[in-house]
Number of protein chains: 2
Amino acid sequence: MEKAKQKRLEARGWRVGSAGTFLKLSPEEVALVEMKVNLSQALRARREARGLSQLTLAKRLRSSQSRVAKMEAADRTVSIDLLVRGLVILGAKPRDIARALGRETGAAA
Amino acid sequence: MEKAKQKRLEARGWRVGSAGTFLKLSPEEVALVEMKVNLSQALRARREARGLSQLTLAKRLRSSQSRVAKMEAADRTVSIDLLVRGLVILGAKPRDIARALGRETGAAA
DNA sequence: ATACTTTATGTCATTACTGACATAACATCA
DNA sequence: TGATGTTATGTCAGTAATGACATAAAGTAT
């Protein structure tokens, strides 16, 4: 798993190990979290590539800046659905979302 | 869009056209629905490939048979999160889910 | 036909997610 | 310095998703 990603997860209370599960997360949960993180990173990348602020994106999503911040932080309270909606609004096609979702992000097995 | 898929959608109240949007669904909404349908089909395929009943899958998901049925029907009340969780429980890896999500399903467009 | 298994659909109480708000932290710029 | 713009985090009322239940429908036997 990528270092930066791991740090972001741990800062949020997740327990993720460097080369697998560190503690307490089942393999299923790890997979879920990784997908969410991948989507959140894709969201931020797309937003920034378009030079949009979180606030502008929030308006297009009919949401709020704070929620967009949480989306990009892969907050526990953010659903995959919301992340996907955000990506779609930023012009991502299902293929793009699939690519982001399945992205291999780390060296660890 | 695949005929069977369209039929399933319309039976559920969705309005989807054969070669694009039929009526009332924005392109974003269409993309979302298509992704959900793709995931629901992948879920059913995986479950059946393993010879499991909806009831057994439901137990592994700590859910109910009726909800699994709704998942496979891409019911409005089921989230992408739930579909993804179901797939993961059936052994799907992020790559597998990505493949299912981005599958081109129809001739249209 | 009856019994059994599996799947489909409607309803509802509980839970999880969501948008909105407040506020903090950080940067940039005059 | 203060003002402005952006992002981060906590909280909470309202909403949407969830599991569970009942029941129907469809299939598979015997």
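What you are looking at is a predicted structure, and each value in this text was computed from that prediction instead of being measured. Note on naming: letters A, B, ... go to the chains in the order of the sequence lines (proteins, then strands), and numbering restarts at 1 for each one.
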Output the distance between atom CG (A:Leu55) and atom OG (A:Ser63), rounded to the nearest 0.5 Å.
10.5 Å
Between A:Arg44 and D:dA8, does any side-chain N or O lie under 4.0 Å from OP1 or OP2?
yes
Estimated bend of the helix from C:dA1-D:dT30 to C:dA30-D:dT1 (axis per five terminal pairs, rounded to 10 degrees)
40°
Within this structure, what is the CE-CD1 distance for the pair B:Met35 and A:Ile80, rounded to the nearest 0.5 Å?
12.0 Å
Is it true that, when you exclude A:Arg95 itself, more than 12 heavy atoms of the residues, nucleotides or ligands shown sit nearer than 6.0 Å to its CZ?
no
Please report, rounded to the nearest Å, how far the C1' atom of D:dA16 is from the CD1 atom of B:Ile80.
14 Å
Base-contact (B) and sugar-phosphate-only (S) positions in nucleotides 21-30 of chain D, heavy-atom cut-off under 4.0 Å, - elsewhere:
BB--------
Could you state the atom-to-atom distance from CD of B:Glu48 to P of C:dT5 in whole Å?
19 Å
Can you measure B:Asp75 atom CG to C:dA8 atom C1' for me and round it to whole angstrom units?
11 Å
Would you sort out whether A:Gln54 and A:Arg44 count as a side chain to side chain contact (heavy atoms under 4.5 Å, CB included), showing the intermediate values?
CA-CA 9 Å; A:Gln54 291 180 346; A:Arg44 167 161 289 171; 3.7 Å; yes
Whole-Å gap separating P (C:dT18) and CG (A:Leu82)
5 Å
Just compare D:dG19, C:dT6, C:dT9 and give me whichever is closest to any side-chain atom of B:Ala69.
C:dT9
To the nearest 0.5 Å, what is the distance between CG on B:Asn38 and CZ on B:Arg103?
7.0 Å
Give B:Ser63 one of three labels, base, sugar-phosphate or nothing, depending on what nucleic acid heavy atoms sit under 4.0 Å from its own.
sugar-phosphate
Roughly how far, to the nearest 0.5 Å, is the CD atom of A:Glu29 from the CD atom of A:Glu34?
13.0 Å
In B/S/- notation (B base, S sugar-phosphate only, - none; protein heavy atoms under 4.0 Å), nucleotides 24-30 of chain C written 5' to 3' is -------
Using whole Å, report how far CD of A:Glu72 lies from P of D:dT6.
13 Å
In whole angstrom, what separates A:Arg76's CZ from C:dT18's C1'?
16 Å
Between C:dC17 atom P and B:Arg85 atom CZ, what is the distance in whole Å?
8 Å
Grab the two heavy atoms, one from B:Ala92 and one from B:Ile97, that are nearest each other, plus how far apart they are.
CB-CG1, 3.9 Å
Non-neighbouring partners of A:Arg47 that pass side chain to side chain donor-acceptor pair (under 3.5 Å), sequence neighbours left out
A:Glu72
Which residues pass the side chain to side chain donor-acceptor pair (under 3.5 Å) test with A:Arg99, not counting sequence neighbours?
A:Asp96
Do you know the tightest heavy-atom contact between B:Ala58 and B:Ser64?
CB-C, 3.3 Å
Least distance between heavy atoms, B:Gly86 atom then B:Leu43 atom:
C-CD1, 3.6 Å
What integer distance in Å separates A:Gln54:CD from C:dA20:C1'?
15 Å
Find which nucleotide of DNA chain C each of B:Val68 and B:Asp81 is nearest to by heavy atoms, and output the residue with the more 5' nucleotide.
B:Val68
With sequence neighbours left out, write down each residue that passes side chain to side chain donor-acceptor pair (under 3.5 Å) with A:Arg60, or none if nothing qualifies.
none
